Every structure is written in structure tokens, then in C-alpha cells.
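Whatever order the structure lists them in is the order used to number ligands and atoms, beginning at 1. Model, not experiment: these values are computed from the prediction.
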Amino acid sequence: MINVIGLGYIGLPTALMLASHGQEVVGTDYNPELVATLNAGKTTFKEEGLDDLFAAAVKGGIRFTTEYQQTDMYIVSVPTPYDKFSKKVDPCYVVAAVKQVLSVCPDGATVVVESTISPGTIDKSVRPVIAESGKQINLVHAPERIIPGNMVYELLHNNRTIGADDKSVGEKVKACYASFCQGEIVVTDIRTAEMTKVVENTFRAVNIAFANELARICRHDNMDVYEIIRICNMHPRVNILQPGPGVGGHCISVDPWFLVGDYPSLAKVIDESMKTNDGQPAFVLNRIHEIMKENGITDTRRVGLYGLTYKENVDDVRESPTLQLLECQERHLAEPLKVYDPLIEKDLVKNQYHDFDAFLADVDMVVIMVKHDQVKGSWDKLKGKVILDCHNICLLEGVYHI
Ligand code: SAJ
């Protein structure tokens, strides 16, 4: 039996995938409301294919509880927040989960940590806890790699990394993931597995920062950054990502800081890249100001932000560029701009709308912060508005870009 600890964005799909592929799975989460929702047959967030996967897992006998189970294999997928000041990872949830596991598991159990951690966290924070317990534990780090918006597909098809102290333990865990994963599964050591995960996200962050910097250069001299990137990417060895209103989510906007926090005098390119991405919402705010002036819009109450999530077609707002932009406004004691997001039902910010038409009726200028499919099918409704399109997706005439 596998006990999956933490039933969030990663733990839940992983538990469901294992259970729907013949493994006996119990999912544990310390949040009783979340467990009750799952036990009532409902998923806790929206994700393509998740409901079908849930149904298959229920058929496969998955159970959800707040209790840690006594078994020989655990997968820990709890959050790893980071300290915004020191930029270091805070492994408190991982450590707490491992302690709980140690209080129930038998000697010789395998504990797989899937949570993203900074390189060295296992040595610094997890091993001492295990040593203290006196139990012999097979420790494994198998960082997740799935992308929100395409999680189910990527769980099935992505290659994976398994880091283990003991190769034979790594191979055993590999066999378990291979019950559903059709990608290649590499077995390596723990330190390498920790580092690869953070490096993958850092590579993407640096590439996006490069695109954002190009957008600023092109804006300065009125060049079309999208056309320039499109042409450059036709070169066989060039692959530049897209500029945008900022970088959100709990991965690309966070993990690279771990390297800056741990190697401040070495991680220079990474540090500058993260600052560039973090500065993007303020850059957008500046663009809004310029475009308002150009169009004689003097009342910020007539300006609305479309999109509150950190990226398109997900309902996750963690570190979202729109929230960053609103925070930036707040620091200047300004009344926050109006906001609408079709995927956010809850009231999360001031001046938030839940009806697209009502939102549009109250604004003269729309800033497309997120490229949800919904807006792509609604260009007719935006006719006549001043539009700042931060993603180059709007097909209307006279649209402004970042
Ligand atoms: N973004 C851009 N320009 C781009 C691509 C993305 O500005 O060209 C922005 C997005 O709008 C978003 C942010 O970057 O705000 C991050 O989005 P994302 O789609 O790039 O990535 P995440 O954070 O959803 O997921 C990443 C993935 N990592 C990589 O692609 C290397 C995923 O595979 C990881 O599992 C995930 O982080 C994680 O959990 O670490």
C-alpha cells in the first residue's frame, strides 16, 4: 500500500494516477475539509481530465483520510513555502510530514519526497529527523514535473527523475511510478535529483526574463518583439519563450530564488532574471499609464484587468502577475483597478467582478493579463475598448502591446 501525504495540486493527481493503475493507495491530508470533499466524491481544484481520473481511482479503491497509515511506502507531496526576504526554502511542512510518517512507519519503509526543495534540503533538514528517530528508512527524492493545465497528460508522459541513496531502492520506486508513467525514468542520487528540479525551473525563468527584457528593449525603440522572437525561433538552435505581464505560479517564480538564496555571490544571471520578471507587473502598470494618457483616459476607475490567475485556463492565483500589479498599486496608495476572471468564483480582491458583461460595461480600457480561452472567443465584446494585450493574442485593430 502507498500512503500519499498531502493532497494538493501534485499529491492528489499522483495518488489518483497510482490508484487507477492498480496500486493500493491511501491519501492523507491534515485538512479535514479537503478530505471530506474528496470523500464526498468531489475534486478540490479544476484540471483537465482530473474528474475522470478521480472516478477511475475511486473504482481502484482509493481512500482519503487525515490519518497517517502504517505501510512500507510513502509519497510526501506537501507545499514548500519560501521566505520572501531570505529567498530560502522553508521545509517545515516536509519535515513535519516526515516526522509524522516516522511515528507510524515500520523499519525499512521507503519515504519518497516529491515536494520541490532546494538542493541540500534532504541532507540539512530531513536526514537529521530520520537519524533522531533511530529507524532505518529508504530515502528517495522524486521531484514532480507536471505543468498545471496539462497535469494528467504530463503525469502519464513526462520523463521523471528518481534520486535515491541506494540504487536498488531507486529501481523499486521506479517500478512503482512505471505503473502509470510512460516516459523514461532516470535513477540518480538525491542531491542530483534536488538540483535538476530547481535547474529546470530556473532555465525557464531565465528564458522568460530574456523575453521580457527583449520586450522592454523593443518597446523603447518601437520594434515588434513578437515578430522578432518568431523569426529568431526559426533558427534551429534558438528557442526564446514569450514576454508577458510577469511570472506567477508556485514554481518558476519561486524555485530559482532558492539558488540565489543559497549561492548569492554565484547566481548572478539568475538573480537579475528573477528581478526582471518580478519587475514586469510594474512595467505593465507604467504601460497602462502611458496608454491612458495617449487616449485621454484620466479616471483609473475606467480601467479593468482581465485575468487574476497566474496563467491561462487554471484557477490558481498563487503569485499571479495581476496580484503583483495590484500590490504595486497599493504601495502607491492607489485605488486598485477593476478585475475580472472567468475562472475565479470567490471574491479575492477589491473591485472584482464576476460577470464579464458588467465588467466590460464599467471600463473603457481592458488590460489582458491572462490569455484564458474565454477571452479568445469574445473579441466582439471588446470592440471599441482601448486594449493593452500583454500576450499578443487579440485580433482587433489598434491593440496596444507591452
Ligand atoms: N510564462 C511567460 N512566458 C512564457 C511561458 C510562461 O511569461 O513563455 C509565465 C506564465 O504566464 C506563468 C509563469 O510563467 O505566469 C509560469 O508558468 P509556466 O506555464 O511556465 O510554468 P508552471 O509554473 O505552471 O509549471 C512549471 C513547469 N516547469 C517547467 O516547464 C520547467 C512544470 O513542468 C513544473 O512541474 C512546475 O513548474 C513545478 O511544479 O515546478
Under 3.5 Å donor-acceptor, Asp166 side chain and Asn138 backbone = no
request  = Would you mind finding which of Ala209, Pro243, Gly248, Ala215 brings a heavy atom closest to atom 13 (C) of ligand 1?
outcome  = Gly248
task = Answer with yes or no whether the side chains of Asn150 and Glu47 bring together a donor and an acceptor at under 3.5 Å.
result = no
ask   = So which pairs with a foot in residues 145-171 pass ring-ring contact (aromatic ring centres under 6.0 Å, His included), sequence neighbours left out?
value = Tyr153-His157
key: Heavy atom of Cys251, distance to ligand 1 below 4.0 Å   = yes
task = Measure Asn212 to ligand 1 on non-hydrogen atoms and call it side chain, backbone, both or neither using the 4.0 Å cut-off.
result = neither
note = Under 4.0 Å between heavy atoms, the region of Glu312 that gets near ligand 1 turns out to be neither
query = How close does the nearest protein non-hydrogen atom get to atom 12 (C) of ligand 1, and which residue and atom is it?
reply = Tyr310 O, 3.5 Å
remark   = Of Thr322, Ile147, Ile208, the residue with the heavy atom nearest atom 2 (C) of ligand 1 is Ile208
ask   = Judged by modelled atom types alone, do Tyr74 and Gln100 share a side-chain donor-acceptor pair under 3.5 Å?
value = no
task = Using only heavy-atom distances, determine whether the side chains of Thr161 and Lys197 contain a donor-acceptor pair under 3.5 Å.
result = no
note = closest protein heavy atom to atom 33 (O) of ligand 1 is Arg145 O, 2.6 Å
ask   = Does Ile146, backbone or side chain, put an N or O under 3.5 Å from an N or O of ligand 1?
value = yes
inquiry  = Below 4.0 Å, non-hydrogen atoms only: which portion of Val247 touches ligand 1? Side chain, backbone, both or neither.
reply    = both
key: Donor + acceptor pair across side chains of Gln23, Ser179 (<3.5 Å)   = yes
inquiry  = Using a 6.0 Å distance limit plus a 45 degree cone around the ring axis, check whether Arg287 lies over the aromatic ring of Tyr400.
reply    = no
inquiry  = Out of the candidates Glu114, Glu200, Glu144, Glu184, only one should pair with Arg160 under the salt bridge (charged side-chain N to carboxylate O under 4.0 Å, His left out) rule; please name it.
reply    = Glu114
message = Checking the N or O distance criterion of under 3.5 Å, is ligand 1 in contact with Glu200?
response = no
query = Has ligand 1 got any nitrogen or oxygen that is less than 3.5 angstrom from a nitrogen or oxygen of Lys311?
reply = yes
inquiry  = Quick test: of every protein heavy atom, which one is nearest to atom 18 (P) of ligand 1, and how far off is it to 0.1 Å?
reply    = Arg204 NE, 3.9 Å
query = Between Gly244 and ligand 1, is there a nitrogen or oxygen pair with a distance under 3.5 Å?
reply = no
inquiry  = Going by the closest heavy atom to atom 31 (C) of ligand 1, which one wins out of Asp255, Asn201, Ile240, Asn207?
reply    = Asn201
The one among Ile252, Asp316, Val198, Leu241 that brings a heavy atom closest to atom 26 (C) of ligand 1 = Ile252
task = Taking only heavy atoms of Glu144 into account, list the atoms of ligand 1 that are under 4.0 Å away from them.
result = 35 (O), 38 (C), 39 (O), 40 (O)
task = Would you mind running through ligand 1 and noting each atom that sits below 4.0 Å from a heavy atom of Pro148?
result = 24 (O), 25 (O)
query = Counting each atom of ligand 1 from 1 as listed, which ones have a heavy atom of Lys197 under 4.0 Å away?
reply = 34 (C), 35 (O), 38 (C), 39 (O), 40 (O)
message = Which residue is it: Met369, Arg318, His372? I am looking for the one with a side chain to side chain contact (heavy atoms under 4.5 Å, CB included) to Thr309.
response = His372
ask   = Any luck finding a side-chain donor-acceptor pair between Tyr82 and Asp255 under 3.5 Å?
value = no
inquiry  = Under a 3.5 Å cutoff, is there a donor and acceptor pairing between the side chains of Thr276 and Asn212?
reply    = no
task = Could you point out which residue of Glu327, Glu330, Glu335 forms a salt bridge (charged side-chain N to carboxylate O under 4.0 Å, His left out) with Lys350?
result = Glu335
task = Could you tell me whether some N/O pair between Glu154 and ligand 1 is separated by less than 3.5 angstrom?
result = no
key: Contact (N/O only, under 3.5 Å) between Gln242 and ligand 1   = yes
